[in-house]
J.: 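Let me give you the structure first, and then I'll get to my questions.
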Amino acid sequence: MKRTIMCGQLNSKNIGETVVIQGWVAKTRDLGGVIFIDVRDREGIVQAVANENLDKDSFKVAESLAREYVVQITGEVKPRSSETINKNIPTGEIEVIATNVVLLNKAETPPFEIEADIDTNEQVRLKYRYLDLRRPDMQKNIIMRHKIAKIARDYFDENGFLEIETPMLTKSTPEGARDYLVPSRVNPGHFYALPQSPQLYKQLLMLSGMDRYFQIVRCFRDEDLRADRQPEFTQMDLEMSFVDQDDVISINEGLIARVMKEVAGVEVKTPFVRMPYNVAMQKYGSDKPDTRFGMELVDTSDVFLGSGFKTFSDIVSKVGSSARAICVKGGVDKLSRRDLDALTDFVKIYGAKGMAWINVCEDELKSPIAKFLTKQETDALLSKTEAEVGDTILFVADKNKVVFDSLGALRCELATRLNLIDKSLYNFLWVVDFPLLEYDDTEKRYTAKHHPFTAPNDSDISLMETNPGEVRAKAYDIILNGNELGGGSLRIYNTELQEKMFKLLGFTTDEAWARFGFLMEAFKYGTPPHGGMAYGLDRFAMILAGADSIRDVIAFPKVQTASEVMSNAPNVVDIKQLEELHIKVVE
RNA sequence: GGCUCUGUGGCUCAGUUGGUUAGAGUACCGCCCUGUCACGGCGGGGGUCAGGGGUUCAAGUCCCCUCAGAGUCGCCA
């Protein structure tokens, strides 16, 4: 007998039908003469009933059932009497009166309950990930992830994109993240790199005339993990020919609107806000601002400049440094002295030396720094920060990077602590006009903010020679609730400009050609203007699932040491394997 | 590489200023029970207190090291 329907699909429309269900025993309630068996599959749970109607052999089987046994139950779908309807489950109006019960497989008692919302340690869940994935909330996440990918494929297909696979064994390019390397057996001493992204291949596909490309593709970066970073992760990657920034943005807004509607049931308004990078930094201290709450940064440098508060006035007199503030509404009551000390420790994580604060009380300002400031100066601070009685103003003064990093993070930390975030909001926005380059103090050279193939703004090209740090790029990131969902750019499509870019990054012509010669060579053969973008599918799924970690939307994720606790990868391999790969073992 | 947190039956936790035989809930096992859905009743088994070392008359508890996991800074073009 074959399965006729999934457990979770049964409802009152099936009343009177004889059905065959197959699944796992979620729970049994054995009352002696009648046994209730909750049978679970991917779609849900339904109650089967073994009672006097059942033949003796089947009843014996029913009595022997335990959690997670695999069963097949044949029976008639019957309505429950009104007093036994279970409103807690979707199938609660009906039950399957068993006429045959078959045990397909026994099971050990699982190490944790196979149900939603368990608080079992993640380490244990990951060790038995195959059981964790049997839990309804994990199944929901994985199904939702599938839906996002499915919608993307449909959407891209409808809009003329071709899904094209690019190689997994590629050439290592030391710019950017650390590569995962794969030794070549056939070429002793040579290594492939697993792709950090299909960047160069998709650009070459544009040159090939594929016009529009997309791929849902695994990417690899050998860097430390975070709650939202795994060493292997999935990009929804796309590239388009003969487009400008508006074209790329609008096609992606269409995709996002569709995903939000069909997966989250949320109508998002397009077009999304576009915020220049500089504005994002000034107002939010971040290039991925969370705009679900206020507490924007305010520049108070001019007030402190020349003031009696030497610590700050010295700092703000330096170029590239500033004193900025955020105003916490009602902070006087909400933040204790102990909280302020904790927040000071918090900003120190980001390199700040300390944090100054002013409590705006009814008749006076309570603050360790007020005594160094004139009335005129404190009035200016209050008016700039729009502080009112009861508010607390928090200040950090340092190099701009430290000020932005610490206050940007502090703003988010306070929003979480003080519960200021409306969780029902989905605030999408584009951050645009990124700088093309940023200066790396340790390497004493410019590095690409986005990547070396990103095109500079036409009007800024002349600055490349004179003031590289000021050059803006045709790059854009899509931000959702303070998370970088994805990003992209228009690309450089002529060899001379690409060479110029590499030069700025400190490559000699020879070095550039050694690494990226195939690309620059290709560019000579008629490259269309093109650009594209890539999303972190895991992050998108994480946010829509309401999860705190991308591990919750990845079937078999890795832990912080980049290992996999279920299979114990990575592992030590046979010396023979290493020898074949020409890798010498040093004892 | 740095900082912070966590580790006690299968799971989730309690365990006081160091002081009898380390407890609870749940899960598990046995018996009973014909309308339960957190079923119920009676009975039962289960602990290298992450590992190692130290202090002490005495360590789950204090100290040191190691291991494992989480968050985060650096890092992530």
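Because only heavy atoms are used, hydrogens play no part in the values below, and waters and symmetry mates are left out as well, while side chains stay in. Below, chain A is the first sequence line, B the second, and so on; all start at residue 1. Everything quoted here is computed from the prediction, not taken from an experiment.
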J.: Roughly, in whole Å, what's the span from CG in Asn51(A) to P in C33(B)?
T.: 17 Å

J.: Answer with base, sugar-phosphate or nothing: what part of the nucleic acid does Thr561(A) contact at a heavy-atom distance below 4.0 Å?
T.: sugar-phosphate

J.: Expressed as a whole number of Å, how far does the P atom of G15(B) sit from that of G23(B)?
T.: 15 Å

J.: When the P atoms of C57(B) and G74(B) are compared, how many Å lie between them, rounded to an integer?
T.: 49 Å

J.: Lys27(A) side chain N/O closer than 4.0 Å to the phosphate oxygens (OP1, OP2) of C39(B)?
T.: yes

J.: Is the distance between the ring centroids of Tyr476(A) and Phe434(A) less than 6.0 Å?
T.: no

J.: Please name the nucleotide paired to A58(B) by Watson-Crick or G-U wobble geometry with both distances under 3.5 Å, or report none.
T.: none

J.: Tell me yes or no: between the side chains of Thr447(A) and Arg445(A), is some donor less than 3.5 Å from an acceptor?
T.: no

J.: Asn88(A) side chain: which of A38(B), G71(B), C76(B) is closest?
T.: A38(B)

J.: With P as the reference atom in both, quote the distance from A50(B) to C13(B) in angstrom, rounded to an integer.
T.: 14 Å

J.: Do NZ/NE/NH1/NH2 and the carboxylate oxygens of Asp398(A) and Lys353(A) come within less than 4.0 Å?
T.: yes

J.: Donor-acceptor pair under 3.5 Å: do we get one between Arg229(A)'s side chain and the base of C76(B)?
T.: yes

J.: Please check if any side-chain donor atom of Tyr213(A) sits under 3.5 Å from a side-chain acceptor atom of Gln215(A), or the reverse.
T.: yes

J.: How would you label the contact of Arg125(A) with the nucleic acid (heavy atoms, under 4.0 Å): base, sugar-phosphate, or nothing?
T.: nothing

J.: For Gln196(A), answer base if it contacts any base atom (sugar-phosphate contacts may also be present), sugar-phosphate if it contacts only those atoms, and nothing otherwise; contact means non-hydrogen atoms under 4.0 Å.
T.: nothing

J.: Ring centres under 6.0 Å, that's the criterion: do Phe502(A) and Phe516(A) meet it?
T.: yes

J.: For Leu31(A) and C39(B), what is the distance between atoms CG and P respectively, to the nearest whole Å?
T.: 11 Å

J.: Report the distance from atom NZ of Lys348(A) to atom C1' of U72(B), rounded to the nearest whole Å.
T.: 17 Å

J.: Could you check how far CG of Asn86(A) sits from P of A38(B), rounded to whole Å?
T.: 7 Å

J.: Have a look at Ser406(A) and say if it touches a base, only the backbone sugar-phosphate, or nothing, with a 4.0 Å heavy-atom cut-off.
T.: nothing

J.: Would you indicate which nucleotide in C75(B), U36(B), G71(B) comes nearest to any side-chain atom of Arg80(A)?
T.: U36(B)

J.: Reading nucleotides 6-14 of chain B from the 5' end, what letters show protein touch, with B for base, S for backbone sugar-phosphate only, - for no heavy atom under 4.0 Å?
T.: ----BSS--

J.: Give the rounded distance in Å between these two atoms: CG of Asp30(A) and C1' of C31(B).
T.: 12 Å

J.: For the side chain of Thr84(A), starting at C-beta, report the closest nucleotide among C76(B), G71(B), U36(B).
T.: U36(B)

J.: For the pair Asp38(A) and Lys27(A), find out whether any cationic side-chain nitrogen is under 4.0 Å from an anionic carboxylate oxygen.
T.: no

J.: Relative to the 5' end of RNA chain B, which residue comes earlier, Asp228(A) or Val49(A), by the nucleotide with the nearest heavy atom?
T.: Val49(A)

J.: Would you say C73(B) has OP1 or OP2 under 4.0 Å from some side-chain N or O of Arg226(A)?
T.: yes

J.: Once you apply the 3.5 Å cut-off to both distances, tell me the Watson-Crick or G-U wobble partner of A14(B), or none.
T.: none

J.: Taking atom C1' in both A38(B) and G52(B), what distance in whole Å separates the two?
T.: 42 Å

J.: How many whole angstroms separate atom CD of Glu95(A) from atom P of C37(B)?
T.: 13 Å

J.: Taking the side chain of Asp405(A) as its heavy atoms from C-beta onward, which of G71(B), U34(B), G74(B) lies nearest to it?
T.: G74(B)

J.: Not counting sequence neighbours, which residues clear side chain to side chain contact (heavy atoms under 4.5 Å, CB included) with Ile118(A)? List them please.
T.: Phe112(A), Glu113(A), Glu115(A), Thr120(A), Arg125(A), Arg135(A)

J.: Using atom P in both nucleotides, what's the gap between C64(B) and G45(B) to the nearest angstrom?
T.: 40 Å

J.: Measure from the side-chain heavy atoms of Asp224(A) and tell me the nearest of G69(B), C75(B), U34(B).
T.: C75(B)

J.: Give a yes/no on whether any side-chain N or O of Ser549(A) is located under 4.0 angstrom from OP1 or OP2 of A70(B).
T.: no

J.: Separation of Asn568(A) atom CG from A68(B) atom P, in whole Å?
T.: 11 Å

J.: Scan Ile349(A) against the nucleic acid and name what it touches under 4.0 Å (heavy atoms): base, sugar-phosphate only, or nothing.
T.: sugar-phosphate

J.: List in chain and number order the residues that pass side chain to side chain contact (heavy atoms under 4.5 Å, CB included) with Arg42(A), two or more places apart in sequence or in another chain; answer none if no residue qualifies.
T.: Met6(A), Gln139(A), Ile143(A)

J.: For C5(B) and G10(B), measure between their C1' atoms and round to the nearest Å.
T.: 25 Å

J.: Do Glu239(A) and Arg491(A) sit within salt-bridge range, that is, some charged N less than 4.0 Å from a carboxylate O?
T.: yes

J.: Starting at atom CG of Leu410(A), determine the distance to atom P of U72(B), rounded to an integer number of angstrom.
T.: 17 Å

J.: With no hydrogens and no angle check, do the side chains of Asp55(A) and Ser58(A) hold a donor and an acceptor under 3.5 Å apart?
T.: yes

J.: Test for a donor-acceptor pair under 3.5 Å between the base of C33(B) and the side chain of Arg29(A), counting only N and O atoms.
T.: no

J.: Considering only atom P, compute the distance from U4(B) to G18(B) and round it to an integer number of Å.
T.: 24 Å

J.: Could you tell me which nucleotide pairs with U4(B) by Watson-Crick or G-U wobble geometry, both distances under 3.5 Å, or answer none if nothing does?
T.: A70(B)

J.: Which is true for Phe453(A) with a 4.0 Å heavy-atom rule: it touches a base, it touches only sugar-phosphate, or it touches nothing?
T.: nothing

J.: Please give the distance between the C1' atoms of C31(B) and U21(B) as a whole number of Å.
T.: 29 Å

J.: Determine whether a donor-acceptor pair (one donor, one acceptor, N or O, separation below 3.5 Å) exists between the side chain of Arg67(A) and the base of C28(B).
T.: no

